[in-house]
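Structure first, commentary second.
Note that the structure is predicted; figures quoted are calculated from it, not measured.
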Amino acid sequence: MGHLDHATFGWLTPLLSYVMACIGAALGLRCTVRALGASGRSRRNWLLTAASAIGTGIWTMHFVAMLGFSVSGTDIRYNVPLTMLSLLVAMVVVGAGVFAVGYGRDRGRALVLGGLTTGLGVASMHYLGMAALRLHGDVNYDPVLVGISVLIAVVAATAALWAALNIKSPIAVAVASLVMGGAVSSMHYTGMIAVSVRVSPSGEALPGATAMQFIFPLAVGLGSYLFLTSAFVALSPTAGEREASASAQRPVESVAR
């Protein structure tokens with residue numbers, strides 16, 4: 001059995017991955033709140049931004065954490081198409097959950113459907129990303145811990161969507177995003193504890209890309225997207241602010257007439 005190290009660089013990768021999960025959750029929650037106060041094309045655009053933010057944040061969290069993952073006795077490579085597919089799955093399935101909440105008429109049913117869909121999307125992204133691993137040996141999972149990790153993902157997603165429906169203040173959203181980030185990180189490391197590797201030493205070159213060749217640049221790019229989108233959302237006026245601005249302009253227009 002190969003020895004698994006989940007924090008090769010110490011607390012750097014767990015802490016940074018948690019930060020990325022929190023940023024993605026906070027941005028997704030804020031965009032969902034904006035969407036619920038909008039209509040038409042504006043609502044759709046906010047929901048698309050929310051889905052991309054949550055999906056990107058979760059994916060970045062997973063693979064930043066994987067930068068610190070190593071197995072004694074073997075190198076690790078990543079299958080590039082499968083890794084990219086995991087990102088697409090995260091965005092599409094999370095998007096389905098977010099849109100279920102954004103357009104659902106029955107809030108309770110929409111919350112259950114959205115939480116289940118989003119949670120399964122998070123879990124699918126994680127295990128699809130793990131399927132992209134290439135190493136000298138066989139990867140096995142503890143089914144009980146896998147089940148617990150999926151349950152954590154569903155509960156975390158449902159809680160996050162509930163927060164989007166019921167929490168409006170920026171401070172409350174920030175607190176909810178910290179909890180959501182912790183839940184996503186817990187899901188990831190629970191899934192990683194479920195992993196065991198039987199190493200088969202070999203001198204044969206592994207297919208795929210190393211984490212630093214592929215994962216690190218992509219994670220940096222997606223992290224930059226999250227930061228830039230966060231700045232855009234922070235500077236974008238809310239529906240209340242637009243209404244207040246419009247109301248302030250009406251008296252001025254009346255006087256001018």
Side-chain angles (χ1 to χ4, degrees), residues 13 16-32 35 44-67 69 78-102 113-133 146 149-161 163-164 177 180-192 194 209 211 214-230:
T13 49
L16 185 57
S17 64
Y18 170 69
V19 170
M20 298 311 298
C22 290
I23 292 173
L27 181 55
L29 290 177
R30 288 303 297 163
C31 290
T32 305
R44 182 202 63 191
N45 291 341
W46 280 118
L47 289 173
L48 286 173
T49 306
S52 68
I54 296 174
T56 299
I58 293 169
W59 188 95
T60 306
M61 178 274 143
H62 171 82
F63 281 102
V64 166
M66 291 303 291
L67 290 174
F69 177 70
Y78 291 88
N79 179 287
V80 174
L82 269 181
T83 303
M84 295 304 298
L85 180 60
S86 70
L87 174 59
L88 180 62
V89 166
M91 290 187 177
V92 171
V93 184
V94 168
V98 169
F99 270 79
V101 169
L113 177 61
L116 181 62
T117 303
T118 304
L120 292 177
V122 171
S124 298
M125 182 282 305
H126 175 89
Y127 289 105
L128 190 57
M130 291 301 294
L133 281 179
V146 169
S149 71
V150 173
L151 180 61
I152 292 173
V154 171
V155 171
T158 304
L161 294 175
S177 68
M180 176 64 177
V184 171
S185 296
S186 298
M187 179 270 158
H188 171 84
Y189 285 105
T190 300
M192 294 308 296
F214 173 61
I215 302 299
F216 180 72
L218 188 56
V220 170
L222 292 175
S224 300
Y225 163 77
L226 286 176
F227 280 108
L228 291 173
T229 308
S230 297

| request: Assess whether side chain to side chain contact (heavy atoms under 4.5 Å, CB included) is satisfied between Val93 and Thr118, documenting all intermediate values. | output: CA-CA 6 Å; Val93 184; Thr118 304; over 6 Å; no

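- Among all heavy-atom pairs drawn from Ala131 and Leu82, the shortest one is O-CD1, 3.7 Å.
- Note that NE2 of His188 is 6.0 Å distant from NE2 of His62, once rounded to the nearest 0.5 Å.
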| message | Go through it in stages, so that I can follow the logic: the residues are Cys22 and Met180, the test is side chain to side chain contact (heavy atoms under 4.5 Å, CB included), and I'd like the CA-CA distance, side-chain angles, deciding distance and then a yes or no. | response | CA-CA 7 Å; Cys22 290; Met180 176 64 177; over 6 Å; no

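- Taken from CG in Leu87 to CG in Leu218, the straight-line distance is 6.5 Å, to the nearest 0.5 Å.
- Note: Phe227 CZ to Leu222 CG = 12.0 Å, rounded to the nearest 0.5 Å.
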| field | Intermediate values then yes/no, side chain to side chain contact (heavy atoms under 4.5 Å, CB included), Ser149 and Tyr189 | value | CA-CA 8 Å; Ser149 71; Tyr189 285 105; over 6 Å; no

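- The two residues Gly55 and Val94 come nearest to each other via the heavy atoms N-CG1, 4.3 Å.
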| task | In sequence, state the C-alpha distance, the side-chain angles, and the governing distance for Phe63 and Thr83, and then conclude on side chain to side chain contact (heavy atoms under 4.5 Å, CB included). | result | CA-CA 9 Å; Phe63 281 102; Thr83 303; 3.7 Å; yes

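- Among all heavy-atom pairs drawn from Gly115 and Ala157, the shortest one is O-CB, 3.6 Å.
- Atom CZ of Phe99 is separated from atom CZ of Arg44 by 7.5 Å, given to the nearest 0.5 angstrom.
- Formation of a donor-acceptor pair under 3.5 Å by the Thr60 side chain with backbone atoms of Gly57 is not found in this model.
- Between Tyr78 and Met66, the closest side-chain pair of non-hydrogen atoms falls below 4.5 Å.
- When all heavy atoms of Thr158 and Leu116 are compared, the pair lying nearest together is OG1-N, 4.3 Å.
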| request: Could you go through the side chain to side chain donor-acceptor pair (under 3.5 Å) check for Tyr127 and Ser86 one step at a time? | output: CA-CA 8 Å; Tyr127 289 105; Ser86 70; over 6 Å; no

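- Nearest approach of Met125 to Ala90, heavy atoms of both residues: CG-CB, 3.6 Å.
- Once rounded to the nearest 0.5 Å, the distance linking CG of Leu133 with CZ of Phe69 reads 6.0 Å.
- For the atom pair CG of Leu27 and OG1 of Thr32, the computed distance is 9.0 Å after rounding to the nearest 0.5 Å.
- The two residues Gly28 and Ile54 come nearest to each other via the heavy atoms CA-CG1, 3.6 Å.
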